[in-house]
Engineer: 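For reference, the structure I am asking about is given below.
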Amino acid sequence: MKKTTKSLVEILGPIPPEIKLEVDLCFDISDRIDLLMREKGLTKKQFANALGKRPSEVTKWLSGQHNFTISTLAMLSTFFGKSIISVG
């Protein structure tokens with residue numbers, strides 16, 4: 001029996017560039033938060049407690065799948081004293 005191997009792109013079609021950019025940005029933001037947490041020596045639980053959030057919310061942020069609001073990004077930037085994102 002012949003086995004057919006198709007790539008995900010062949011099955012689903014090409015990924016639109018705006019979707020790829022959105023996914024890349026989400027992961028860039030989560031990577032930045034993770035880096036800043038490590039710089040401060042914070043665990044997820046310590047970070048969540050410092051912000052008055054649940055650890056599960058921090059886990060969601062670090063998953064790379066959270067859609068951040070400007071308000072949340074501003075709060076995180078203020079907490080760390082460093083920008084989470086830069087525009088320009």
Side-chain angles (χ1 to χ4, degrees):
M1 182 183 290
K2 186 176 178 184
K3 195 174 193 180
T4 304
T5 306
K6 289 187 177 184
S7 72
L8 191 57
V9 171
E10 290 172 318
I11 295 169
L12 299 176
I15 298 170
E18 65 274 12
I19 300 297
K20 183 178 178 339
L21 180 58
E22 179 183 344
V23 169
D24 289 345
L25 288 170
C26 286
F27 279 103
D28 288 346
I29 290 169
S30 66
D31 288 347
R32 176 76 172 150
I33 293 168
D34 182 63
L35 172 70
L36 294 172
M37 282 175 55
R38 284 186 283 120
E39 284 180 359
K40 284 194 171 236
L42 295 171
T43 65
K44 286 184 212 178
K45 185 173 182 174
Q46 291 168 328
F47 182 47
N49 288 340
L51 296 173
K53 304 290 183 181
R54 294 182 314 269
S56 61
E57 188 165 0
V58 172
T59 298
K60 190 172 161 183
W61 293 347
L62 297 174
S63 74
Q65 299 177 4
H66 183 71
N67 189 9
F68 289 92
T69 64
I70 299 297
S71 177
T72 301
L73 292 171
M75 180 265 303
L76 292 171
S77 294
T78 301
F79 175 82
F80 288 116
K82 295 181 179 182
S83 294
I84 299 295
I85 62 169
S86 62
V87 179

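Every heavy atom of this structure was used, including side-chain atoms; hydrogens, water molecules and symmetry mates were not.
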Engineer: Which residue pairs satisfy the side chain to side chain donor-acceptor pair (under 3.5 Å) criterion with at least one member in residues 11-25, sequence neighbours excluded?
Structural biologist: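 Checked against side chain to side chain donor-acceptor pair (under 3.5 Å) - neighbours excluded - the pairs reaching residues 11-25 are Lys20-Asp24.
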
Engineer: List the steps and the verdict of side-chain contact (heavy atoms from CB on, under 4.5 Å) for Arg38 and Leu35.
Structural biologist: CA-CA 5 Å; Arg38 284 186 283 120; Leu35 172 70; 4.1 Å; yes

Engineer: Can you list everything that forms a salt bridge (charged side-chain N to carboxylate O under 4.0 Å, His left out) with Asp28? Sequence neighbours excluded, please.
Structural biologist: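 Partners of Asp28 by the salt bridge (charged side-chain N to carboxylate O under 4.0 Å, His left out) criterion come out as none, since no residue qualifies.
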
Engineer: Using the rule that Ile, Leu, Val, Met, Phe, Trp and Tyr join whenever any side-chain heavy atoms are under 4.5 Å apart, tell me whether Leu51 and Leu62 fall into a single cluster.
Structural biologist: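 In one cluster: yes.
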
Engineer: Return the set of residues passing side-chain contact (heavy atoms from CB on, under 4.5 Å) with Ile85 (not counting sequence neighbours), or none when no residue passes.
Structural biologist: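 Ile29, Leu73, Val87.
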
Engineer: What are the two closest non-hydrogen atoms of Ile84 and Ser77, and how far apart are they?
Structural biologist: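 Between these two residues, the closest heavy atoms are N-OG, 3.1 Å.
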
Engineer: Working to the nearest 0.5 angstrom, can you tell me the gap between Ile15 CD1 and Leu21 CG?
Structural biologist: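 Separation between the atoms: 12.5 Å.
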
Engineer: Starting at OG1 of Thr59, measure out to NE2 of His66 and round the result to the nearest 0.5 Å.
Structural biologist: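 Rounded to the nearest 0.5 Å, the OG1-NE2 separation comes out at 12.0 Å.
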
Engineer: Using ring pair (Phe, Tyr, Trp, His ring centres under 6.0 Å) as the criterion, list what pairs up with Phe27, not counting sequence neighbours.
Structural biologist: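 In terms of ring pair (Phe, Tyr, Trp, His ring centres under 6.0 Å), with neighbours along the sequence ignored, Phe27 is linked to no residue.
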
Engineer: Minimum heavy-atom separation for Gly64 and Cys26, please, with both atom names.
Structural biologist: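 Scanning both residues, the minimum pair turns out to be O-CB, 3.2 Å.
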
Engineer: Holding to side chain to side chain donor-acceptor pair (under 3.5 Å), I want the full list of residues that pass it with Gln46, two or more places apart in sequence or in another chain.
Structural biologist: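 Once residues adjacent in sequence are excluded, the partners of Gln46 under the side chain to side chain donor-acceptor pair (under 3.5 Å) criterion are Thr43.
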
Engineer: What pairs meet the salt bridge (charged side-chain N to carboxylate O under 4.0 Å, His left out) rule with one or both residues in residues 55-68, with sequence neighbours excluded?
Structural biologist: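 For residues 55-68: none.
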
Engineer: The criterion is salt bridge (charged side-chain N to carboxylate O under 4.0 Å, His left out); which residues satisfy it with Glu39, sequence neighbours excluded?
Structural biologist: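 In terms of salt bridge (charged side-chain N to carboxylate O under 4.0 Å, His left out), with neighbours along the sequence ignored, Glu39 is linked to Lys82.
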
Engineer: Going by ring pair (Phe, Tyr, Trp, His ring centres under 6.0 Å), name the pairs with one or both residues in residues 69-88, residues two or more places apart or in two chains.
Structural biologist: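 Only Phe47-Phe79, Phe47-Phe80 qualify under ring pair (Phe, Tyr, Trp, His ring centres under 6.0 Å).
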
Engineer: With sequence neighbours left out, what residues match Thr69 under side chain to side chain donor-acceptor pair (under 3.5 Å)?
Structural biologist: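 Thr69: side chain to side chain donor-acceptor pair (under 3.5 Å) contacts with Thr72.
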
Engineer: Would the number of heavy atoms belonging to other residues, nucleotides or ligands and lying under 6.0 Å from NZ of Lys45 be above 12?
Structural biologist: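 Atom NZ in Lys45 is not packed in, count stays at 12 or less.
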
Engineer: Got a sec, which residues hit side chain to side chain donor-acceptor pair (under 3.5 Å) with Lys53, two or more places apart in sequence or on another chain?
Structural biologist: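 With neighbours one apart ignored, the set is empty.
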
Engineer: Just to verify, what does Asp31 make a side chain to side chain donor-acceptor pair (under 3.5 Å) with, not counting sequence neighbours?
Structural biologist: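 Testing Asp31 for side chain to side chain donor-acceptor pair (under 3.5 Å), a comparison that skips the adjacent residues, returns none.
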
Engineer: Any pair with a residue in residues 61-73 that passes salt bridge (charged side-chain N to carboxylate O under 4.0 Å, His left out), sequence neighbours left out, goes on the list, sorted by first then second residue, please.
Structural biologist: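 Found none.
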
Engineer: Report the distance from atom CG of Leu25 to atom CG of Asn67, rounding to the nearest 0.5 Å.
Structural biologist: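 Here the interatomic distance stands at 11.0 Å.
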
